[in-house]
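To start, the structure under review is shown below, and the notes come after it.
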Amino acid sequence: MKRAAAPREVETKLSIPDAPAFAALRALRKVGEYQLRRPRQERLVTRYWDNQGRELTTARLALRTRHSTAGDEASVKGPTRVRRAVHERVEVNVALPGPLRQRWSKLPNEIAEVLGARLASGPFTPILVTDIERSTRRVMLGTTQVAELALDRVRIRAPGERRVRLRYLELEAEDRCGDRRHIEALTALLRRQFGLSASTDSKFSAGMKAIRG
C-alpha cells in the first residue's frame with residue numbers, strides 16, 4: 001500500500017523593522033478583504049537537537065521540542081524550499097507527555113520515519129534554544145479560516161547560556177486552507193502597507209548563524 005505523503009508546512013516570513021511597526025501590526029483588525037480575529041498570546045520555548053556527528057544539520061533537517069501553555073510536542077522539519085517569499089517543507093508534529101531538556105535517546109516513530117534509519121540514531125543533545133513571545137490571529141475570509149498570522153518577539157541563545165545571541169521581530173503567515181494564494185495575497189498587502197521585507201531564514205538557520213557562523 002502506498003504510504004501517505006508527510007504533512008507540509010506552507011508559510012511566509014516577514015521581518016519587522018522596529019517596535020512601532022510591531023505595535024501597528026498588532027493593532028490591525030483587517031488586511032484588504034481579510035478579517036483578523038482577536039489575538040491569542042503565548043510563550044514558546046523551543047530546543048533544537050542533533051546527534052554528535054551533526055548529521056541532521058548537515059542534511060538541512062530540524063529536530064525540535066517545544067514547550068508552551070498548550071503542552072509539549074516534538075517536531076521534525078525537512079529542507080525548506082522558498083518561492084516568491086513562501087516557505088514550504090515537510091513538517092511532522094507529535095505530542096509529548098512532558099518537556100525534554102538534556103538528552104534524547106529514542107525518537108517517536110513518526111519522526112524517526114521521516115528522518116530515516118541513518119539520521120535517526122542518537123543520542124541527541126540540544127544545539128540551539130529559541131524563546132518566543134507570540135501573538136497569534138486567525139485570518140478569515142467570510143466564515144472560512146484561510147491562514148494564521150503570528151507576530152513573534154524572538155530571542156535565541158545557545159544551550160546552557162543565559163546570554164541572548166540574537167533578537168528580532170518577525171511576522172509569519174501560515175496556510176490553513178490548502179490554498180497558498182491566500183497567504184501570497186496577504187503577504188503582498190502587508191508588505192505594501194508596512195514596507196516589510198521577506199525573510200529567507202528559518203529561526204533555526206538564523207540561530208545557527210548567530211551561534212556558529
Side-chain angles (χ1 to χ4, degrees), residues 2-14 40 42-51 54-97 99-100 104 106-120 122 124 126-132 134-139 145-152 154 156 170-184 186-187 198-209:
K2 186 177 180 180
R3 188 171 64 184
R8 303 190 74 82
E9 177 187 57
V10 180
E11 66 181 7
T12 56
K13 292 175 176 288
L14 301 176
R40 182 181 77 253
E42 57 185 336
R43 183 183 176 193
L44 309 171
V45 178
T46 304
R47 288 173 173 79
Y48 292 86
W49 305 72
D50 208 340
N51 56 20
R54 297 294 185 262
E55 292 179 289
L56 303 186
T57 304
T58 301
R60 298 170 57 219
L61 297 166
L63 174 64
R64 73 182 194 189
T65 55
R66 172 167 283 178
H67 175 72
S68 71
T69 53
D72 295 273
E73 69 173 17
S75 305
V76 62
K77 296 192 177 192
T80 302
R81 183 182 70 171
V82 182
R83 180 164 62 92
R84 292 202 299 244
V86 178
H87 297 232
E88 184 174 352
R89 56 190 169 185
V90 168
E91 179 184 47
V92 174
N93 301 304
V94 180
L96 293 176
L100 189 62
W104 202 2
K106 182 174 174 56
L107 300 176
N109 291 336
E110 300 92 330
I111 289 179
E113 185 176 341
V114 173
L115 295 180
R118 183 176 64 86
L119 298 177
F124 298 92
I127 59 172
L128 179 72
V129 179
T130 66
D131 190 342
I132 302 166
R134 172 168 286 182
S135 178
T136 306
R137 314 278 293 277
R138 289 192 295 156
V139 181
Q145 182 182 2
V146 297
E148 183 174 85
L149 200 66
L151 296 176
D152 291 342
V154 183
I156 295 177
E170 185 175 69
L171 180 151
E172 292 184 354
E174 186 171 352
D175 174 42
R176 283 289 185 263
C177 69
D179 187 346
R180 63 187 289 155
R181 290 177 298 178
H182 290 295
I183 60 169
E184 289 176 350
L186 187 66
T187 298
S199 174
T200 57
D201 277 337
S202 66
K203 291 178 177 66
F204 175 66
S205 60
M208 291 305 292
K209 288 176 183 178

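Numbering starts at 1 and runs along the sequence shown.
One distance of note links OG1 of T57 with CG of L63; it measures 9.5 Å at 0.5 Å rounding. In this structure, the separation between CG on L56 and CG on D50 is 4.0 Å, given to the nearest 0.5 Å. Here K13 contributes atom NZ and H87 contributes atom NE2; the two are 6.5 Å apart, rounded to the nearest 0.5 Å. The CG atom of L149 sits 8.5 Å away from atom OG of S135, with the distance rounded to the nearest 0.5 Å. Between the OG1 atom of T46 and the CZ atom of R64 there is a distance of 5.5 Å, given to the nearest 0.5 Å. In this structure, the separation between CG on L44 and CD on E73 is 9.0 Å, given to the nearest 0.5 Å.
Partners of R60 according to the salt bridge (charged side-chain N to carboxylate O under 4.0 Å, His left out) rule, which considers only residues two or more places apart in sequence or in another chain, do not exist here. E148 is linked by a salt bridge (charged side-chain N to carboxylate O under 4.0 Å, His left out) to R176, counting only residues two or more places apart in sequence or in another chain.
One finds a salt bridge joining E88 and R81 here, because a Lys/Arg side-chain nitrogen approaches an Asp/Glu carboxylate oxygen to under 4.0 Å. In summary, E55 and R118 engage in a salt bridge, as defined by a charged side-chain N under 4.0 Å from a carboxylate O.
Without hydrogens or angle criteria, D152 side chain to E170 main chain gives no donor-acceptor distance under 3.5 Å. W104 contributes a side-chain N or O that, together with a main-chain N or O of K106, makes up a donor-acceptor pair within less than 3.5 Å.
Taking the side chain as every heavy atom from C-beta outward, I127 and R54 approach each other to under 4.5 Å. Proximity of R180 to R83: side-chain heavy atoms (C-beta onward) are separated by under 4.5 Å at one or more points. At a threshold of 4.5 Å between non-hydrogen side-chain atoms, the residues T136 and E174 do not count as touching. Taking the side chain as every heavy atom from C-beta outward, L14 and T187 approach each other to under 4.5 Å. Looking at H182 and D175, their side chains never come closer than 4.5 Å, going by heavy atoms from C-beta outward.
The two residues V129 and R47 come nearest to each other via the heavy atoms CG2-CG, 4.0 Å. For the pair A173 and L186, the tightest heavy-atom approach, listed with the atom from each and the gap, is CB-CD2, 4.1 Å. The two residues A147 and I183 make their nearest non-hydrogen contact at CB-CG2, 3.8 Å. Contact between G78 and L61 at its shortest, heavy atoms only, is CA-CD2, 3.6 Å. The two residues P79 and A59 have their closest heavy-atom pair at CG-O, 3.9 Å.
For the side-chain contact (heavy atoms from CB on, under 4.5 Å) with D72, the lone residue among V45, T65, L100, L96 that qualifies is L96.
In the model, R89 has a side-chain atom that pairs as donor or acceptor with a side-chain atom of T80 under 3.5 Å.
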Inset, instruction - Apply side-chain contact (heavy atoms from CB on, under 4.5 Å) to V146 and D179, showing your working. - result: CA-CA 8 Å; V146 297; D179 187 346; over 6 Å; no
Inset, instruction - Just do the side-chain contact (heavy atoms from CB on, under 4.5 Å) check on I132 and K203 with the steps written out, would you? - result: CA-CA 10 Å; I132 302 166; K203 291 178 177 66; 3.6 Å; yes
